[in-house]
Amino acid sequence: MTDTDIIVVGAGPAGSCAAIAAAKAGKRVVLIERGPFPGSKNMYGGVIYPRILDELIPDWFEHAPIQRWIVRRSTMLLSDTGALNIDYRSNAWGQAPYNGATAYRPDFDNWLAQQAVAAGAELICSTTVTGLLRDAQGRINGITTDRPDGDLTASVVIACDGVNSFIAKEAGLYKAVDASNYTLGVKETLSLPKSVIDERFGVRDNQGVDIEILGGTSGVNGGGFIYTNLDTIAVGVVLKLPKLSAQKKRPEEIIAELKRHPAIAPLIEGAEVIEYSAHLIPEAGLDMMPKMVADGLLVAGDAAALCLAAGIWLEGVNFAMASGMYAGQSAAQAMTAGNTTAAGLQTYTKKLNETFVLKDHKKLRKIPHLVLSDRVQHKYPGFVTGIVERMFRVENPHPKPGVRRILREERKKAGISLMDLVRDALTGLKGFG
Amino acid sequence: MTIAVCLKWINASGQTDIDDDRFMGFSYADQAALEYALRVAENTNDEVIVVTAGPVGAEAVLRDAIARGAQRAVRIDIDRSHDSAVIAQAIAQAVSHCSLIWCGDYSSDRGSGSVPAFIAAQLSFAQALGLVDIVLPTGAQSPITALRRLDGGRREQLEIRGQAVISVEGSTARLRRASLKGSMAANKQVIEIVTVNQVAVETPPTRAYRPRARAVAAPVGNSALDRVRQITDTSTAKGHGETVHLEPREAAELIVSKLREWGYQS
Ligand SMILES: Cc1cc2nc3c(=O)[nH]c(=O)nc-3n(C[C@H](O)[C@H](O)[C@H](O)COP(=O)(O)OP(=O)(O)OC[C@H]3O[C@@H](n4cnc5c(N)ncnc54)[C@H](O)[C@@H]3O)c2cc1C
């Protein structure tokens, strides 16, 4: 007899959804979190797409601790002095069934974990899982923790311990770790009165704005973001690790430079930094994913590199919640069927393949590499803003130049060959499908 | 025998007015008190009972203490905003059968350290409050010896025998971690709930102190400045500030007569 049925490691979005799903299926679930409360150690940029919760918590939008509902989504291209902004607004996104929302992780993750407790899971905080237990046949049947008398046995362990999952590594599910598959995300939370944020971003009440930025990362390959909370703004950058260390730049200097950009500075003027945080992101998608199933073990969320980081999309929480939920359901099914070997747990991978979790990753497989490539990073922002600059600059008495001429000249100036441009355009078209 | 530990459910983040579940706990002083109680009980095989006065949420600190080794838990269902005397009376009723009552010297939210003293007074127990060093006895009959903090860096050495209320500073002991199995069992622990109906604690009526009025002659002078000076000028002595060398008894009499003369005493 095991101590419990299912152990979930990590009370982030993946872990809590796994615990909710398994508890709802009637299993005994222990959810273990190293922080003093769920979310206490977690950070991200700030936008969640919670529609996947419809299945687990149908009225989530009435209770989830949301800051603002995203009604404006912008993609910004920054050159040194210019900015091209493609901005879409839909106030309908601010009403049920909603789209994206900003939320603080110590609020959101704690709320989600409490849903797991309400569903019957047992939450144990301030406890770090330190290893896996195996039975005589070598199949995983529990965990060790840093607590006295801290071993716990179960039929299935679900690893939701986030990026760089040591559990998945200990279970031998990852290939050798390659630093170029990861980016470093750093973020400042800036405090401003709500009325000032409303005015500067053109929103009211609990409407919010999501700005994704290409360029403006001081020559280090990556991207930036700005999200609005009720009375704070999150400004951050995501930086490719090898480039960051090669260029010997400090991430906080790169944020400072982004904040000084003429298109960004007026948005955050007078704001006070109240928090600085940093975290790794598994960026390479499908190309870095581990095996997600072993005898007695499932891996979900960032632990399985399921974060979608494809330039204009930075979605990890929804992928974590979905994969966590499917893992919880599959673990419960496998237990009921009496087979928790890797074969018995295969419904999990099947489910991931059938849903957006792996479908999106397959569709967008080439995009992370494209977006982080040197050309897209260092040449295209200047090229595109250069074109727009010349199209809208009126230089009378000179007549307007033709668009084709501008294109040709700007392409030469940016040093992009026609071949590369066509190739990237095709990759982009195919990639975004 | 039973040893009691009093734990106050507080917001450890410093935002003392908000009960935010994420940050609730008990102070380092209360933690040290629990640790000592558990150590004593290990030697004596006494039962450790933990008590908190507060709402349902406060049961979390009791479960925490159970996970770390306490055997029984009592929650006194009472509004924490009552003053210390009322809280202490309610606690005293719940722990009157105990041999030792361990408390933190004061809670870290807005504690004044008065609850332990009130409990001791209620129960007519000895009190050893504000301890900075505690040596537990090795033999069953020997006393606990302790150092108590006094003003001005002084210390008082105490021997504690019999029924007593003991309050300790947070730095005196580090609370042990709970075992994982202990935490899981504590989640199922039954918590006894004591409801306090009518708490009547007499507090004498008080009013703000005001010295008696006395007549002051109007200042005389030709200019306004002269008259203002007469009232406010402190550069010339007016007979106050006299230094006398007397025996204590005569000194006291002189002070009383002066207070009377200046209108502070009738
Ligand atoms: C800068 C940045 C910006 C981002 N922006 C967004 C965004 O805007 N939108 C979005 O959807 N996603 C975003 N992401 C991605 C998102 O944060 C992650 O994909 C998501 O948090 C993954 O959830 P998870 O539950 O898998 O892992 P995590 O959220 O990392 O949770 C893992 C949990 O496990 C616990 N844990 C770890 N190890 C142990 C252990 N040994 N024992 C016990 N507990 C353990 C941790 O304390 C933590 O609570 C961003 C990430 C970064 C870094």
Side-chain angles (χ1 to χ4, degrees), chain A residues 1-9 11 16 23 28-42 65 104-118 120-131 133 142-154 275, chain B residues 7-16 18-28 30-31 34-35 38-39 41-42 48 55-71 73 108-109 170 173-191:
Chain A
M1 178 75 176
T2 51
D3 295 320
T4 188
D5 294 338
I6 294 168
I7 295 170
V8 181
V9 182
S16 288
R28 294 178 300 158
V29 180
V30 178
L31 174 59
I32 298 187
E33 167 59 40
R34 66 180 168 181
F37 63 85
S40 53
K41 288 189 168 283
N42 299 348
Y104 294 132
R105 293 290 297 276
D107 295 348
F108 186 82
D109 289 11
N110 187 56
W111 168 79
L112 202 55
Q114 293 311 323
Q115 306 308 304
V117 172
E122 189 165 351
L123 171 66
I124 306 226
C125 292
S126 302
T127 304
T128 303
V129 173
T130 52
L133 293 173
I143 53 155
T144 61
T145 68
D146 65 340
R147 297 272 290 265
D149 192 14
D151 294 359
L152 202 66
T153 54
E275 188 187 282
Chain B
L7 303 172
K8 182 172 184 189
W9 185 57
I10 54 155
N11 185 326
S13 75
Q15 287 188 297
T16 50
I18 308 166
D19 286 349
D20 182 334
D21 279 341
R22 296 174 296 180
F23 302 110
M24 303 307 283
F26 49 110
S27 65
Y28 285 112
D30 286 3
Q31 293 180 24
L34 175 59
E35 178 60 30
L38 294 173
R39 285 185 199 170
E42 274 166 1
V48 173
V56 182
E59 288 176 10
V61 298
L62 298 179
R63 293 196 190 282
D64 190 349
I66 293 284
R68 293 176 207 256
Q71 281 88 38
S108 54
D109 52 350
R174 194 189 172 95
L175 180 57
R176 66 195 63 189
R177 281 192 93 187
S179 74
L180 185 60
K181 300 281 163 57
S183 286
M184 292 175 68
N187 285 338
K188 298 183 187 79
Q189 169 86 16
V190 177
I191 296 197

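Per chain, numbering begins at 1; letters A, B, ... match sequence-line order.
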Donor-acceptor check, side chain of [X] to backbone of [Y], threshold 3.5 angstrom: yes or no?
{"X": "A:R147", "Y": "B:G182", "result": "no"}
{"X": "B:K181", "Y": "A:P148", "result": "no"}
{"X": "B:R22", "Y": "A:N110", "result": "no"}

If you round to the nearest 0.5 Å, how far is OG of B:S179 from CG of A:D151?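 So the gap between those two atoms works out to 11.5 Å.
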Output for pair (A:D149 CG, B:R177 CZ), nearest 0.5 Å, gives 12.5 Å
Around [X], counting heavy atoms of other residues, nucleotides and ligands shown, do more than 12 lie under 6.0 Å from its [atom1]?
{"X": "A:F37", "atom1": "CZ", "result": "yes"}
{"X": "B:Q15", "atom1": "CD", "result": "no"}
{"X": "B:R174", "atom1": "CZ", "result": "no"}

Audit row: B:M184, A:L152, side-chain contact (heavy atoms from CB on, under 4.5 Å) steps and yes/no: CA-CA 11 Å; B:M184 292 175 68; A:L152 202 66; 3.5 Å; yes
Heavy-atom closest pair (B:L180 atom, A:G150 atom, distance to 0.1 Å) is CD2-O, 3.3 Å
Under 4.5 Å from any heavy atom of chain B - which part of A:P38: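 Contact with chain B involves no heavy atom of A:P38 at all.
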